[in-house]
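Small disclaimer: the values here were computed from a predicted structure and weren't measured. Proteins get letters first, then strands, A, B, ... in listed order; numbering begins at 1 in each.
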Number of protein chains: 2
Amino acid sequence: MKGYLWTGGPGSSASEAPQVEGRLAPWEAIAVDAVGNVIEFWGFKRNQGRVWALLYLRGEPLTAGEIERELDLSKGGVSMLLRDLERWGVIQRVRLPQDTAWRYGAENDLVRMVTHVIEEREAGFVARIRADLAEARRLAETQDGLPPDRLQRLEKMATLAEHVERALRLFIKTSRLDVSGVLSVFRDEATGSRRGLK
Amino acid sequence: MKGYLWTGGPGSSASEAPQVEGRLAPWEAIAVDAVGNVIEFWGFKRNQGRVWALLYLRGEPLTAGEIERELDLSKGGVSMLLRDLERWGVIQRVRLPQDTAWRYGAENDLVRMVTHVIEEREAGFVARIRADLAEARRLAETQDGLPPDRLQRLEKMATLAEHVERALRLFIKTSRLDVSGVLSVFRDEATGSRRGLK
DNA sequence: GGTGCAGTTCAAGCGGTCTTGAACTATATG
DNA sequence: CATATAGTTCAAGACCGCTTGAACTGCACC
């Protein structure tokens with residue numbers, strides 16, 4: 001949300017930025033940033049999305065140093081970003097036989113990362129909210145002289161929370177299902193070659 | 001996400017905080033904070049949720065000053081929070097006949113607020129992503145010597161974005177539907193017991 | 001062992017949002 | 001009109017997460 005207002009839209013600044021080092025093509029820069037923004041929207045770091053996008057677009061594994069240059073990030077930052085992405089299973093670390101440095105390649109399941117992490121988040125989060133509301137209710141019940149309608153409203157609140165929770169779960173599930181279609185398309189591309197892309 | 005780690009859970013600190021001014025019952029404090037956390041999770045301000053929760057739990061309209069004291073917020077802050085909430089239609093400003101100050105009462109559709117704002121956000125946001133990816137594609141196409149698989153991956157990326165978008169829309173819709181059931185419960189309560197104001 | 005490069009860690013700095021508190025406007029009251 | 005109380009605005013500051021850059025580890029090769 002926030003990160004999406006910063007600067008000139010597509011074709012304005014990005015097209016002629018005097019990037020000295022990074023040789024990102026303008027179209028790459030735009031796409032990479034778009035993914036960065038999406039990912040930030042979902043509560044991740046913008047640069048996590050940018051790194052994944054770069055790796056995905058390039059198709060072949062890059063080294064940390066290359067990423068650093070292309071995306072104009074710091075050494076340390078790249079290291080941490082890659083660690084996160086690898087832990088989430090959206091990139092893969094490979095060591096080419098004759099090569100001295102690790103290379104990182106994009107997995108295709110960015111979506112799995114999003115749903116997975118959201119799931120995880122949601123689990124702990126929702127559990128906590130639940131517990132809190134339950135606790136509040138317990139406390140409220142032991143308090144005498146409390147108008148019954150107050151308690152009633154508290155209970156309604158808990159109900160509401162449960163429904164929102166259900167909706168969230170549902171979203172994650174459907175989103176994953178819905179997206180599995182896309183993933184299969186991706187996979188086709190990975191193994192075979194072009195064929196009209198649906 | 002972030003705001004949910006701050007301090008002792010239910011029953012620890014909250015139960016015996018030496019609140020001098022605010023006479024929030026412990027159970028209220030917990031419930032109010034729970035809502036605050038949920039709302040923050042959805043990208044709003046924590047205190048917006050807290051204010052709404054307080055008003056909702058109390059059932060009767062409060063003045064800005066009361067809210068200020070109960071939730072231990074600043075005068076200016078309360079003013080701004082109330083303005084936001086009112087604009088979103090989740091609280092209502094009422095002036096009781098003999099009263100000198102405005103009072104604020106909770107509407108029951110917090111969920112509508114959430115879905116509504118998310119919808120709005122999403123609209124602009126998604127449009128922008130779309131535009132960016134389209135632009136990237138346009139630029140990429142005009143570039144000659146570009147390996148066809150790169151372009152292909154870019155297109156896949158756009159497809160993915162569309163699917164995520166669809167999932168999001170679906171979520172909002174189902175969430176609203178799902179929740180409308182709860183809302184009707186709320187409404188029953190509202191017309192039944194508090195026909196005093198309005 | 002020494003040199004150089006890849007990668008990691010983390011304290012410090014930066015940039016962003018949220019809150020505060022004081023100055024201000026508005027409105028009612030004697 | 002003076003006073004008081006309610007409400008608004010906004011610059012300054014608190015706060016918090018992200019990024020940086022330097023110090024460090026690990027490893028290969030000479």
Side-chain angles (χ1 to χ4, degrees), chain A residues 1-7 21-22 33 36-37 39-52 55 61-87 91-104 117 121, chain B residues 1-7 21-22 33 36-37 39-52 55 61-87 91-104 117 121:
Chain A
M1 187 76 339
K2 45 192 164 177
Y4 218 57
L5 317 148
W6 28 259
T7 185
E21 190 63 63
D33 283 348
N37 290 320
I39 226 58
E40 184 178 35
F41 182 85
W42 287 108
F44 299 87
K45 294 186 198 165
R46 179 182 156 75
N47 281 329
Q48 287 166 351
R50 299 213 313 142
V51 169
W52 177 86
L55 294 178
L62 302 186
T63 66
E66 283 161 348
I67 297 170
E68 187 185 331
R69 257 169 283 127
E70 298 286 21
L71 263 28
D72 192 34
L73 298 171
S74 68
K75 201 160 126 81
V78 170
S79 171
M80 290 187 296
L81 293 170
L82 288 175
R83 181 151 41 76
D84 295 339
L85 292 173
E86 195 188 358
R87 196 178 50 222
I91 66 172
Q92 219 175 2
R93 179 192 293 234
V94 296
R95 174 90 75 172
L96 296 196
Q98 75 288 12
D99 209 345
T100 165
W102 287 103
R103 289 182 170 272
Y104 302 85
V117 178
R121 248 189 225 161
Chain B
M1 190 84 349
K2 46 192 165 176
Y4 217 55
L5 318 147
W6 28 257
T7 184
E21 190 62 65
D33 282 348
N37 290 321
I39 225 58
E40 183 178 36
F41 181 84
W42 287 108
F44 299 88
K45 296 186 199 166
R46 178 182 157 76
N47 281 330
Q48 288 166 350
R50 299 213 313 143
V51 168
W52 177 86
L55 294 177
L62 303 184
T63 66
E66 284 161 347
I67 296 169
E68 187 185 332
R69 259 169 282 128
E70 298 286 22
L71 297 182
D72 192 33
L73 299 171
S74 68
K75 201 160 125 82
V78 170
S79 172
M80 291 186 296
L81 293 171
L82 288 174
R83 181 151 42 74
D84 295 340
L85 292 173
E86 194 188 0
R87 195 178 51 222
I91 66 173
Q92 220 174 3
R93 179 191 293 235
V94 297
R95 174 89 79 170
L96 296 196
Q98 76 287 12
D99 208 344
T100 165
W102 287 103
R103 287 181 171 275
Y104 303 85
V117 177
R121 249 188 223 162

In whole Å, what is the span from the CZ atom of B/Arg46 to the C1' atom of D/dC16?
14 Å

Dump the intermediate steps for side-chain contact (heavy atoms from CB on, under 4.5 Å) on A/Ile91 and A/Leu82, then the final yes or no.
CA-CA 8 Å; A/Ile91 66 172; A/Leu82 288 175; 3.5 Å; yes

Quick check on DNA chain D: between A/Gly76 and A/Thr100, whose nearest nucleotide comes earlier from the 5' end?
A/Gly76

Would you mind reading off the distance between A/Tyr104 atom OH and C/dA6 atom C1', rounded to a whole angstrom?
9 Å

Would you say the side chain of A/Thr63 lies within less than 4.5 Å of the side chain of A/Glu68, judging by non-hydrogen atoms?
no

From CG (A/Leu85) to CZ (A/Arg93), nearest 0.5 Å:
11.5 Å

Could you say whether A/Val78 or B/Ser79 is positioned toward the 5' end of DNA chain D, judged by the nucleotide with the nearest heavy atom to each?
B/Ser79

Are any of B/Arg83's side-chain N or O atoms less than 4.0 Å away from OP1 or OP2 of D/dT9?
yes

Using whole Å, what does the distance between atom P of nucleotide C/dG7 and atom CG of A/Leu73 come to?
15 Å

Any idea which heavy atoms bring B/Arg50 and B/Leu71 closest together, and the distance?
NH2-O, 3.0 Å

Quick check on DNA chain C: between A/Trp102 and B/Gly43, whose nearest nucleotide comes earlier from the 5' end?
A/Trp102

Taken to the nearest whole Å, CZ/A/Arg69 to C1'/C/dC5 is 13 Å

Rounding to a whole Å, what distance do you find between A/Arg50:CZ and D/dC18:P?
15 Å

Students often get this wrong, so: under 4.0 angstrom with heavy atoms, is A/Arg93 touching a base, only sugar-phosphate, or nothing?
sugar-phosphate

Could you tell me the separation between the CG atom of A/Leu82 and the P atom of C/dT8, rounded to a whole number of Å?
8 Å

Please determine whether any donor N or O and acceptor N or O are separated by less than 3.5 Å between the side chain of A/Lys75 and the base of C/dG7.
yes

Does D/dC18 have its OP1 or OP2 closer than 4.0 Å to a side-chain nitrogen or oxygen of A/Asn47?
no

Rounded to whole Å, the NZ-P distance (B/Lys45 to D/dC16) equals 16 Å

Could you tell me the separation between the CD atom of A/Glu40 and the C1' atom of D/dC18, rounded to a whole number of Å?
10 Å

Among D/dT19, D/dC10, D/dA6, the one nearest B/Met80 by side-chain distance:
D/dC10

What is the distance from atom CG of A/Asp72 to atom CD1 of A/Ile67, rounded to the nearest 0.5 Å?
13.5 Å

